Asker: 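If you scroll down you'll find the structure; I have some questions about it.
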Number of protein chains: 2
Amino acid sequence: MLSNSAKYALKAVLYLSLNSNEEEKLMTKDISDKIKVPKSYLAKLLQDLSRHGIISSTKGPKGGFYLTNNDKKLSLIEIIEVIDGRQRLNSCVLDLEACNDKNPCVLHDIVGRANSEFVKSLQKTTIEDLIADIKKGKSVFPFE
Amino acid sequence: MLSNSAKYALKAVLYLSLNSNEEEKLMTKDISDKIKVPKSYLAKLLQDLSRHGIISSTKGPKGGFYLTNNDKKLSLIEIIEVIDGRQRLNSCVLDLEACNDKNPCVLHDIVGRANSEFVKSLQKTTIEDLIADIKKGKSVFPFE
DNA sequence: TCTTAAATATGATTTAAATCATGTTTTTGG
DNA sequence: CCAAAAACATGATTTAAATCATATTTAAGA
């Protein structure tokens, strides 16, 4: 469903959303320690996200990664697609070429529905939404 | 979500359910040709399923794999668990240790619900159910 | 301007999943 | 009883994802 990389990316962005802003940036190491993801692996992911405009960064001393308010308006699917590509989420549960809504495969109706819901949720949920839920005490983010 | 192996296994069992019985058995090659899965890889999977009592088989000439009526009563989750193990499906979307229904993580409510539905469907749907849907024309199984 | 601290870029290594290959056992039919 | 056809068992190879390592660029601050 989601690759490890995508999960790591989501965690990192969530952590950034709660602990950074234009004035308070975070280094790779700060994040990797907290969310328990290998440092240099996470570095690659963060750079990827930065290159694609999902998160912001500045080089040099006092530099680091952070989220602008604009960054927080991005939906979860945009994060995932940078890491996993577009294909991974839309495909049929059995990877059948000929399967689609008009011509549903045996599992499409029974099980594919859950997948569609999942994708829809990822599309309409933004980082901001998640932060709001946490601040309301509706949910938590235990990092690791 | 599901490994390739699990998808192959599901396809193979579905193919068997539609094209085999105690009298008409199918060889690995018959199945692998139809569902377009590497022959010797599929062989391993079929042997695994057979060893765990998901499908039936007989050795020697005129032998092959087939499903008994009893086999057809098994739920999809049982097929998947033989191949992927039990853990893979139950975990939190972000693989957070501390996440559960009592203490839902940020994505649990929004996105995890879809996952639970998915698992529930796999638990309650049997091979038989799928065959019935196909015979009713409600869905199709295009093999590849 | 120089040193240092950070991201950036790139490539090598490891690991696990997927794939391939081959020998062994069982059963049927002659 | 023998030969052939099938599953069964096991191990080797390949591939892609995950992980590690290191050199380069940029910016801050003294």
Side-chain angles (χ1 to χ4, degrees), chain A residues 1-13 16 20 22-33 35-68 71 80 82-85 87-88 95, chain B residues 1-13 16 20 22-33 35-68 71 80 82-85 87-88 95:
Chain A
M1 180 144 59
L2 299 183
S3 70
N4 255 326
S5 296
K7 292 177 186 178
Y8 291 167
L10 280 173
K11 284 191 202 179
V13 172
L16 279 170
S20 80
E22 277 89 340
E23 280 79 45
E24 300 167 281
K25 296 159 193 168
L26 296 176
M27 297 189 295
T28 304
K29 188 165 190 331
D30 299 332
I31 308 171
S32 72
D33 282 350
I35 68 174
K36 292 272 166 48
V37 168
K39 180 166 120 45
S40 36
Y41 187 29
L42 183 63
K44 245 184 193 169
L45 295 174
L46 291 172
Q47 286 161 29
D48 222 2
L49 293 173
S50 171
R51 196 174 328 116
H52 285 88
I54 304 290
I55 65 179
S56 304
S57 70
T58 57
K59 283 177 167 186
K62 299 279 161 192
F65 297 96
Y66 60 101
L67 293 193
T68 64
D71 294 336
I80 293 166
V82 163
I83 305 295
D84 281 350
Q87 189 48 41
R88 190 169 183 135
D95 292 337
Chain B
M1 177 146 60
L2 299 184
S3 69
N4 255 326
S5 296
K7 293 177 186 179
Y8 291 168
L10 280 174
K11 284 191 203 182
V13 173
L16 279 171
S20 79
E22 276 90 341
E23 279 80 46
E24 300 166 282
K25 297 159 192 167
L26 296 175
M27 295 188 296
T28 304
K29 189 164 190 326
D30 299 332
I31 307 171
S32 72
D33 282 351
I35 68 175
K36 292 272 166 46
V37 168
K39 179 166 120 50
S40 34
Y41 188 27
L42 183 63
K44 245 182 194 170
L45 296 173
L46 290 172
Q47 284 161 29
D48 222 1
L49 293 173
S50 170
R51 197 175 327 118
H52 286 87
I54 304 290
I55 66 179
S56 304
S57 70
T58 58
K59 284 180 169 183
K62 298 279 161 189
F65 297 97
Y66 60 101
L67 294 194
T68 63
D71 294 337
I80 293 166
V82 163
I83 305 295
D84 282 349
Q87 189 49 39
R88 189 169 185 136
D95 292 337

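Protein chains get the first letters and strands the later ones, always in sequence-line order, with residue 1 at the start of each. Only a predicted model underlies this, so the values are computations on that prediction, with no experimental measurement involved.
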Asker: Send over the distance from B:D48 CG to C:dA18 C1', rounded to a whole Å.
Answerer: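 Nearest whole value for this atom pair: 14 Å.
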Asker: Would you say B:D30's side chain and B:M27's backbone share a donor-acceptor pair under 3.5 angstrom?
Answerer: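 Yes.
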Asker: Between atom NZ in B:K29 and atom P in D:dA5, what is the gap in whole Å?
Answerer: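 Those two atoms, NZ and P, are 14 Å apart.
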Asker: Which one, D:dA9, C:dA21, D:dC20, comes nearest to the side chain of B:S40?
Answerer: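 Comparing D:dA9, C:dA21, D:dC20 against the side chain of B:S40, the answer is C:dA21.
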Asker: Determine whether a donor-acceptor pair (one donor, one acceptor, N or O, separation below 3.5 Å) exists between the side chain of B:K44 and the base of C:dT19.
Answerer: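 Checked by distance alone, the answer is yes.
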Asker: Side chain of A:Q47 only, heavy atoms from C-beta on: which candidate in C:dA9, D:dC20, C:dT19 is closest?
Answerer: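 Output: C:dA9.
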Asker: Measure the distance from CG on A:L49 to P on C:dA7 and round it to the nearest whole Å.
Answerer: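 Whole-Å distance recorded here is 13 Å.
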Asker: Testing the basics here: between B:S56 and B:T68, what is the closest heavy-atom pair and its distance to 0.1 Å?
Answerer: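 Heavy atoms only, the tightest pair is OG-CG2, 3.5 Å.
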Asker: Which heavy atom in A:G53 sits nearest to a heavy atom in A:D71, and how many Å separate them?
Answerer: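 That would be O-OD1, 4.0 Å.
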Asker: Kindly say if B:R51 contacts the phosphate of D:dA7, meaning a side-chain N or O under 4.0 Å from OP1 or OP2.
Answerer: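 For D:dA7, OP1/OP2 do not have a side-chain N/O of B:R51 under 4.0 Å.
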Asker: Among B:V82, B:I80, B:I83, whose side chain to side chain contact (heavy atoms under 4.5 Å, CB included) with B:S5 holds?
Answerer: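 Exactly one pass, corresponding to B:I83.
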Asker: Could you check which of C:dA9, D:dA28, C:dA18 has an atom nearest any side-chain atom of B:S5?
Answerer: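 Among C:dA9, D:dA28, C:dA18, the one nearest the side chain of B:S5 is C:dA18.
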Asker: Does A:S32 reach the main-chain N or O of A:P38 with its side chain, forming a donor-acceptor pair under 3.5 Å?
Answerer: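 Such a contact is absent between A:S32 side chain and A:P38 backbone.
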Asker: Rounded to the nearest angstrom, tell me the gap between atom CG in A:L45 and atom P in D:dA18.
Answerer: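 Going from CG in A:L45 over to P in D:dA18 covers 9 Å.
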Asker: Rounded to whole angstrom units, what separation is found between the OH atom of A:Y41 and the C1' atom of D:dA16?
Answerer: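 For the pair A:Y41 OH and D:dA16 C1', the rounded distance is 11 Å.
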Asker: Measure from the side chain of B:S3, starting at C-beta and using heavy atoms only, and say which of D:dC8, C:dA18, C:dA5 lies closest.
Answerer: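 For B:S3, the side-chain atoms sit closest to C:dA18.
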Asker: Nearest heavy atom decides the nucleotide; on that basis, is B:A43 or A:V37 closer to the 5' end of DNA chain D?
Answerer: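 Looking at DNA chain D, the more 5' nearest nucleotide goes with B:A43.
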Asker: Need to verify one output field. Residue with the more 5' nearest nucleotide on DNA chain C, B:P61 or B:D84?
Answerer: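 That would be B:D84.
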Asker: D:dC8, C:dT19, C:dA21: which one has an atom nearest the side-chain heavy atoms of B:S57?
Answerer: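 The answer is D:dC8, which lies nearest to the side chain.
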Asker: Rounded to whole Å, how long is the line connecting atom CD1 of A:I83 with atom C1' of D:dA18?
Answerer: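 Atom-to-atom, A:I83 to D:dA18, this comes out as 13 Å.
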Asker: At under 4.0 Å, does any side-chain N or O of A:S50 touch on OP1 or OP2 of C:dT8?
Answerer: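 Yes.
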Asker: Examine distances only and state if a side-chain atom of A:D48 and a backbone atom of A:L45 form a donor-acceptor pair shorter than 3.5 Å.
Answerer: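 Absent.
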Asker: Between D:dA7 atom C1' and B:F65 atom CZ, what is the distance in whole Å?
Answerer: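 Going from CZ in B:F65 over to C1' in D:dA7 covers 6 Å.
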Asker: What is the separation between atom CG on B:L16 and atom P on D:dA7, rounded to the nearest whole Å?
Answerer: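 Answer to the nearest Å: 11 Å.
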Asker: If each of A:G63 and A:K39 is mapped to the nucleotide of DNA chain D with the nearest heavy atom, which maps nearer the 5' terminus, i.e. the 5' end?
Answerer: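 Nearest nucleotide further toward 5': that of A:K39.
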Asker: Which of the following nucleotides, D:dT25, C:dC20, C:dT28, is nearest to the side chain of A:K59?
Answerer: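 The answer is D:dT25.
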Asker: According to a strict under-4.0 Å criterion, is B:T28 in side-chain N/O contact with OP1 or OP2 of D:dA7?
Answerer: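 Indeed, a polar side-chain atom of B:T28 lies that close.
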